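See structure below.
These numbers come from a predicted model, not from an experiment. Chain identifiers are assigned alphabetically (A, B, ...) following the order of the sequence lines, protein sequences preceding nucleic acid strands; residue numbering begins at 1 within each chain.
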Amino acid sequence: MRIPDINYLEPDNLDEALRLLEVYKNSVEVVAGGSDLLVQLKNRTSSASHLVDLHKIKSLNNIVFDSEKGLKLGATTTLLEIIRNEVIKENYPALVEAAEKVGAFQHQAMGTIGGNLCLNTRCWYFNQSARWRKARPICLKMGGDVCHVVPNSRDCYASYCGDTAGILIAYRAKAVVSKNGSQRIIPVEELFTGNGKQPISLESDEIITEIQVSAPKQGQKGVYLKLRQREAIDFPQVGVSLNTVWEGHNCIEARMVLTAVSPKPVIVDEVEKIIVGNAVDSQIITAFKEAAQNSGQPVANMAGGVRHRKKMLGIMAEKALKKVAP
Amino acid sequence: MRQLINLRVNGESYETLIKPNNTLLEVLRENLGLVGTKEGCNCGDCGTCTVLVDGKPILSCLTLAKKMEGYEITTIEGLAEGEKLHPIQQAFVERGSIQCGFCSPGMILTGKALLDYKARPTRDEIKKAIGGNLCRCTGYVKIFDALEDASNKIAAE
Amino acid sequence: MKNSEFSVVGKPLPRIDSWVKATGGAQYTADIVLPRMLHAKILRSPVAHAKIISIDTSKAEKLPGVISVISGKDIPRQFYGIVPKATDESALAFDKVRYVGDEVAAVAAVDEATAEEALDLIEVEYEELPAVFDPLKSMEPGAPAIHDENPNVINNVSATFRKEFGDIEKGFEEADYVREDTFYTQSIAHAPLETHAAIANWEHGGKLTLWSNTQIPFYLKRNLAKTLELDESKVRIIKPYVGGGFGGKLDMFSKDFVAAFFAIKTGRPVKVVYDREESLTCTRARHPAVIKLKTGVKKDGSFTAQNFQVVVDGGAYNSTAPLIITLSGYFAMLPYKVPNLVFDASHVYTNKQANGALRGHGVVQVRFAAEVQMDKIAEELGIDPAEFRLKNAIQPGEPHPAKMTIRSCGLSEAIVKSADLANWKEVKKSKEVVKGEVYRGVGMGCSGFPSGVNNMSHIGAGAVVKIERDGAITLLSGAADIGQGAESVIAQIAAEELGVELEDVRVTAADTELTPHDSGTFGSGVTFRAGNAALRAARAAKNKIFKAVADELEVSPEDLVAEHRRIYVKGSPDKGMSFKKALKAVQYADDPFPVIGRGFFHPPAEEPTTLKDADGDISGAYSFGAQVAEVEVNKLTGEVKVVRISTSDDSGYPINPLAVDGQIEGAVSCGMGQAIYEDFAWDPKTGQAMASTFMDYKLMTSADTPEMPIDHVITNDPIGPFGAKEAGEGATLFTAPAIVNAIYDAVGVWIQDLPVTPAKVLKALEEKEKLQQGGNE
């Protein structure tokens, strides 16, 4: 369980980092906190031979808030820095809630917002040591042609289990994606492909450099609910993120995102139709629950039980709505 | 290709030869002889290998040693001042918080990171802060007791 | 407290090893480094059941840095195991592999990374055989034979045990109410934070030293010598600090043999450290068990008869079998008076990791069944579950139906105390809805456990107290402290007896060359056995000093007492001298130094002649306890939150109350794991543990920890050292049933297969609702 031989690079400015990513394209991984990637290297589920670590690039670690322009988070801002930031706590409490639910203290101190977004998808036939995996044929996610979870499947259903992506998408946050010589700004949801095997849409020479969240609106309320077995360490079995804006009792904006129940964060489109323009009543709650339940497709790739997780989608969606409703 | 790096650990400088794929845990234990830092799972799930880097608790099994150049690392060996134990260590001794002792170094350091940030945490905050440090012996209760004691003691000083 | 005359014993003193552990100075096995040391790694089987056709190690041998590669054909054809007559395991597979993870070959190299790399270069050809993972299927005729080399194993049943007393048929005839239920308890891991490790050093001339994190150094010595075909006297086992065991470091493991064999072969020290996955999935775990239980009671709640039919899943090897099922049988109903009882159990091989001793070895399973069924019966009879337990609780001095001698027993008091701690009657009556869909409930469980098990060869313990001229006191004990605090407890006992302070006693323990024989850390016998041995050794040394002091003071030795580093005449504290001065008196009397006191203890049990089926006593003392779990169950989500676990234990007289509390709290967290958190989730195709990491294997975290109030019952056992008995293992028995009973109290459903999951609770609630609707139609 040692990390294989690697070429470890620590550029001290962004241009150099992007240049290195271009040079070693396809054999390189970006390291931020390292808490996900280093496990994968040990397990041989990542075969990167070059690592570009961003920790020396000071310009990527910053938190800027403007009450009109909103929040800019440098990609290597740690989850702990977010948790302990009073301005974020005041303006985006659900983001803090999500960051606080990541792993444990240590993971929050190491893990970065960019790294958390780019978490690889998970499956309990994949997140195992090389030795463990030898007892079975190579699965889709490892480049083989079988799926141990969904028989005869040609698609990999590994689940996206990041904690912060859901609420950022619900906030309609954007990611600044940089590569050598160019930059693009995309909605956070576009970071995800929906393919369990290759879940992140970035090319291997691209990195997220910044997350942008628009200023909180009057009457904005968000929430992140996480189903897990233990109150610490665990990845979610179901994640429900909801952001809403209210005018009196009427909802004027809403977005719900489900995580851990699909290869990517799932935006529940119906939610907007169901709730925007309305006040919450029992009919709306029922429709809301159903929409959530119908949107997630948990598969048997983690503990918790598929039927139960599906059921919990609805229950948690209702709970989320009740939490944010005035 | 091995390379020479310089690490600051417990206020001292160490020059040591490493490979780029060596973790901080490997280098602390194998190169520097600082075996107080324990390996419990080697993949970041148990908190046993926790050390402080610039005061923050990090998992040394998931941190490359090379990355640590220029940072200030604190291991369990760096806490006591001579014979005088750090108040957290003292409280762990007095409250019976140590059984097999294997999780204790990481537990004590995570506790220190908490108390350094918030001198008087609530019991719930303590329970949450050490959530990533697994213990199979104690059922955690005496560890909460010790951190509360230490907090009171430090605050009184 | 009764024994307030003690000055060291009975005090909540810090453990003697806590300073060195708090500062990172304690050396555990993996911390030890020897000059020229090699590192070894083990190649494990990727198939669950197969014949080994060939092993080609030539490529691995050519890898630079590799010093030696071995497989089954290179080592003596010897088997090891806990029970001498049931040894069935080899350090490296000879012909067959029997589970995914079985040891096939090993590499010694200059560093760990090279050894790891070399494993991938070993080519093994397997002929796969059908595998079986479910013990009930494994027992069926025609199931794949896992140990076909042993003609005595029929249908994979490697051991059976039957215990019977009274007249079972008459008992059921006399019953007013009979019920039968089936229960299942899952496998859980020991999961000590320190993984298994060993380092061997061979001195030319023929002496092997093995540092190993073992719970039974003396037994390891025997197994290791046997498998190496060395004389036992050539083998020395040293147990360094051990980072937790819980039964999981009881057996000899491949790593012990591999380190030793390579050390002899290469002439260099060799270290083997298991990684977390190996430790979790390639060592031992708790036996899963299927328990059919039929019980008869009278209307007043007294038991008339009980019939246990038990199948335990042994995994690929015997390990502690047949002992496991014997313990289940003997202690199934230890806390209660059941006049007529039959206990039938089978130990069955499957193609999974072997199971072994784990905190509450064999008893956790059957007590879970019995305690939950008791609540079902109480419900039917309309009796309060606490009253039901009080009605049947065994009493000290009473003849136990199973012919055990119960000299001390605080069970009834413990039931009352734990109920009081939990505010039992109030919570039970209130039936309140806590909040919305969250319901509160309380449930009780009781325990009884031996303080060490007799009737095995070498079950005694020895101790030597050595006092030097300068006042240095060393206690030599074979007892293996694995983190539970054994060394501190026996040091407290010796310090009390010698009349010195705890800090004056140094302990050298668990080194087979230096310390007297001890049967090891299992069956909760350490305080009882090694504590009594230490007490006797200290007394013997003290008597020698008293003789010299008595001569000098011109009094009789019987008139002397020792306390707080002084020896003086009883009733005249001024007439005496300091402990150091007393040593001068020994010197002036020309008595030899060091002063040596020897002690040996063997429980005075009236032993059954055989563990197979005979009646009789099986331990020198029995601990008891009762516990109440208070839970909040969410009817909507099925989630169970344990709010409070209230325990009252009878551990005799606690030598160190702080340590006993710690033992109970640790047991609670293990019991909660058994109840709701922990599950290997075996893959049905390969028998592999899906939970092979601490991410997926859910040890309870600090953030999940409930309140754990404790109130001791002090009973002063007549044979235990200073009245002490077992603590901390019996305390693992009641948490799971207490939680399950509390869930019923809260929402009215029984969960009879562990672990309790939200999905199971919801399913049970749905079924209950369907049943009620059906009834209303």
Options [options], ranked by heavy-atom pairs under 4.5 Å with chain A, top entry:
{"options": "B/Lys127, B/Glu26, B/Lys19", "answer": "B/Glu26"}
{"options": "B/Gly132, B/Ala129, B/Pro57", "answer": "B/Pro57"}
{"options": "B/Lys56, B/Lys67, B/Met1", "answer": "B/Lys67"}

Legend entry - Non-hydrogen atoms of B/Gly131 and A/Ala104 that approach each other most closely: C-CB, 4.2 Å
Legend entry - Heavy-atom pair of closest approach, residues B/Leu134 and A/Ile233: CD2-CD1, 3.8 Å
Legend entry - Residues B/Glu30, A/Arg2: salt bridge by 4.0 Å N-O rule: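 Salt bridge present between B/Glu30 and A/Arg2.
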Inset, instruction - For the pair B/Lys128 and A/Glu231, find out whether any cationic side-chain nitrogen is under 4.0 Å from an anionic carboxylate oxygen. - result: no
Inset, instruction - Start with the C-alpha distance between A/Ile3 and B/Leu64, add both sets of side-chain angles, then the distance that settles side-chain contact (heavy atoms from CB on, under 4.5 Å), and finish with yes or no. - result: CA-CA 10 Å; A/Ile3 295 169; B/Leu64 293 171; 3.8 Å; yes
Inset, instruction - Against chain A, label B/Cys61 side chain, backbone, both or neither, depending on which of its atoms sit under 4.5 Å from a heavy atom there. - result: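 For B/Cys61, backbone and side chain are both near chain A.
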Inset, instruction - Tell me, for B/Thr50 versus chain A, whether the close heavy atoms (under 4.5 Å) come from the side chain, the backbone, both or neither. - result: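 Just its side chain gets close to chain A.
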Legend entry - Flag, side chain of A/His107 to backbone of B/Ile58, donor-acceptor distance under 3.5 Å: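 Flag not set: sc A/His107 to bb B/Ile58 has no pair under 3.5 Å.
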Inset, instruction - Given side-chain contact (heavy atoms from CB on, under 4.5 Å), test B/Thr110 with A/Phe105 step by step and report yes or no. - result: CA-CA 8 Å; B/Thr110 307; A/Phe105 196 177; 3.6 Å; yes
First locate atom [atom1] of [X], then atom [atom2] of [Y], and finally report the distance between them rounded to the nearest 0.5 Å.
{"X": "A/Ser129", "Y": "B/Asn42", "atom1": "OG", "atom2": "CG", "answer": "11.5 Å"}
{"X": "A/Leu38", "Y": "B/Thr23", "atom1": "CG", "atom2": "OG1", "answer": "8.0 Å"}
{"X": "B/Cys43", "Y": "A/Lys42", "atom1": "SG", "atom2": "NZ", "answer": "7.0 Å"}

Inset, instruction - Would you list the pairs meeting ring pair (Phe, Tyr, Trp, His ring centres under 6.0 Å) in which at least one residue belongs to residues 109-157 of chain B, sequence neighbours left out? - result: none
Legend entry - chain B contact via A/Arg84 - which portion, at a heavy-atom distance below 4.5 Å: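 For A/Arg84, heavy atoms of backbone and side chain both lie under 4.5 Å from chain B.
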Legend entry - Toward chain B, the part of A/Leu51 with a non-hydrogen atom under 4.5 Å: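 The answer is the side chain of A/Leu51.
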Taking [atom1] in [X] as the centre, count heavy atoms belonging to other residues, nucleotides or ligands within less than 6.0 Å. Is the count above 12?
{"X": "A/Lys72", "atom1": "NZ", "value": "no"}
{"X": "A/Ile138", "atom1": "CD1", "value": "no"}
{"X": "B/Glu69", "atom1": "CD", "value": "yes"}

Legend entry - Residue-level interface, residues 4-19 of chain A with chain B, non-hydrogen cut-off under 4.5 Å: A/Pro4, A/Asp5, A/Ile6, A/Tyr8, A/Glu10
Legend entry - Pairwise side-chain contact, B/Leu62 with A/Gln106, heavy-atom cut-off 4.5 Å (strictly under): no
Inset, instruction - Specify which of A/Val39, A/Leu41, A/Thr78 makes the most heavy-atom pairs with chain B at under 4.5 Å. - result: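 That would be A/Val39.
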